[in-house]
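Below is one structure, written out as structure tokens; the observations come after it.
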Amino acid sequence: QVQLVESGGGLVQPGGSLRLSCAASGKSLRSYAIGWFRQAAGKGREGLSCIVVSHGGTEYTDSVRGRFIATRDDAKKTVFLQMNNLKPEDTAVYYCAIDQIGFGCSRHITPDEYANWGQGTQVTVSS
């Protein structure tokens, strides 16, 4: 069982940036596609991006395309979500999870197709 851990959240002003990390206790994520999601208070979980760790291919939802960038480190043990030009509506708990379908990243990043969720990291965008 691969346990994912997110980190890097915090309080940032509108227009600022944060970089989130997702790791699996030192294990390689090479075999996986990793999705990033968020859940704002009182709302459902929203898929944001997906990265195929082996080759770095990515998909993004329209609401974050051009602002958020998913990458992974050379050792393929950590994936990152660089979040730029943050807006108050980006305030949420952010999660990473492993794709269960096994065909890489779908254009539709659907929470039901992911498992091994981390505990989440809070991102608050406020002045």
Side-chain angles (χ1 to χ4, degrees):
Q1 182 81 351
V2 177
Q3 182 64 48
L4 299 179
V5 178
E6 304 94 340
S7 61
L11 174 65
V12 63
Q13 292 187 343
S17 298
L18 280 175
R19 189 176 79 157
L20 306 183
S21 299
C22 171
S25 300
K27 297 180 180 179
S28 173
L29 298 175
R30 181 186 305 270
S31 300
Y32 303 115
I34 303 296
W36 283 99
F37 302 81
R38 68 185 176 192
Q39 188 164 15
K43 296 187 177 181
R45 196 160 292 188
E46 175 188 15
L48 304 175
S49 74
C50 174
I51 181 168
V52 181
V53 178
S54 61
H55 59 67
T58 54
E59 291 285 350
Y60 299 92
T61 194
D62 288 346
S63 62
V64 303
R65 185 177 292 112
R67 295 192 301 128
F68 291 9
I69 303 170
T71 60
R72 83 287 197 219
D73 68 352
D74 289 344
K76 299 180 175 57
K77 292 183 177 180
T78 305
V79 298
F80 305 98
L81 186 67
Q82 177 67 40
M83 305 188 297
N84 301 317
N85 189 24
L86 284 162
K87 306 173 183 180
E89 52 264 42
D90 294 318
T91 295
V93 179
Y94 284 69
Y95 301 89
C96 59
I98 298 175
D99 164 70
Q100 300 297 298
I101 304 302
F103 294 122
C105 291
S106 168
R107 292 185 63 186
H108 302 287
I109 306 164
T110 306
D112 288 350
E113 296 180 356
Y114 289 77
N116 302 82
W117 296 86
Q119 83 291 347
T121 186
Q122 176 70 46
V123 172
T124 302
V125 185
S126 175
S127 56

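This chain uses plain numbering: 1 for the first residue, then up along the sequence.
- Judged by a 6.0 Å distance limit and a 45° cone about the ring axis, Arg45 is not positioned over the six-membered ring of Phe37.
- Using a 4.5 Å cut-off on side-chain heavy atoms (C-beta onward), Gln122 and Thr91 make contact.
- The backbone N or O of Gly57 lies less than 3.5 Å from a partner atom in the side chain of His55, making a donor-acceptor pair.
- Nearest heavy atom pair, residue Ala70 against residue Ser49, reads CB-OG, 3.9 Å.
- You'll find the side chain of Val123 stays beyond 4.5 Å of the side chain of Asp90, heavy atoms only.
- Annotation: the span from Glu113 atom CD to Cys105 atom SG amounts to 11.0 Å, rounded to 0.5 Å.
- Of all heavy-atom pairs between Ser63 and Arg38, the closest is OG-NH2, 4.0 Å.
- To the nearest 0.5 Å, atom CG of residue Leu20 and atom CH2 of residue Trp36 are 5.0 Å apart.
- Proximity of Leu48 to Tyr94: side-chain heavy atoms (C-beta onward) are separated by under 4.5 Å at one or more points.
- In this structure, Ile34 and Cys22 have side chains that are in contact, with non-hydrogen atoms separated by less than 4.5 Å.
- Of all non-hydrogen atoms in Lys77 and Ser28, the two that sit nearest each other are CG-CA, 4.1 Å.
- Of all heavy-atom pairs between Asn85 and Ser17, the closest is N-OG, 4.2 Å.
- When all heavy atoms of Ile109 and Ser106 are compared, the pair lying nearest together is CG1-O, 3.7 Å.
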- Task: Step by step, work out the side-chain contact (heavy atoms from CB on, under 4.5 Å) result for Ile51 and Phe80.
- Result: CA-CA 9 Å; Ile51 181 168; Phe80 305 98; over 6 Å; no
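- Here the straight-line distance linking atom SG of Cys50 with atom CD of Glu59 works out to 7.5 Å at 0.5 Å rounding.
- Separation of atoms OG1 (Thr121) and CG (Leu18) is listed at 8.5 Å; rounding is to 0.5 Å.
- Two residues are said to be in side-chain contact when any heavy atoms from C-beta on lie closer than 4.5 Å; Asp112 and Gln100 fail this criterion.
- Within a 6.0 Å radius of CZ in Arg65, more than 12 heavy atoms belonging to other residues, nucleotides or ligands are found.
- The OG1 atom of Thr61 sits 10.5 Å away from the CZ atom of Phe68 when rounded to the nearest 0.5 Å.
- Listed for the Glu6 side chain is a donor-acceptor partner under 3.5 Å among the backbone atoms of Cys96.
- Hydrophobic cluster membership is shared by Val53 and Val2, with clusters built from Ile, Leu, Val, Met, Phe, Trp and Tyr side chains linked at under 4.5 angstrom.
- In terms of heavy atoms, Leu29 sits closest to Val79 at CD1-CG1, 4.2 Å.
- A continuous path of ILVMFWY side-chain contacts below 4.5 Å connects Val12 to Met83, so both sit in one hydrophobic cluster.
- How far CD of Glu46 is from OH of Tyr95: 13.0 Å, rounded to the nearest 0.5 Å.
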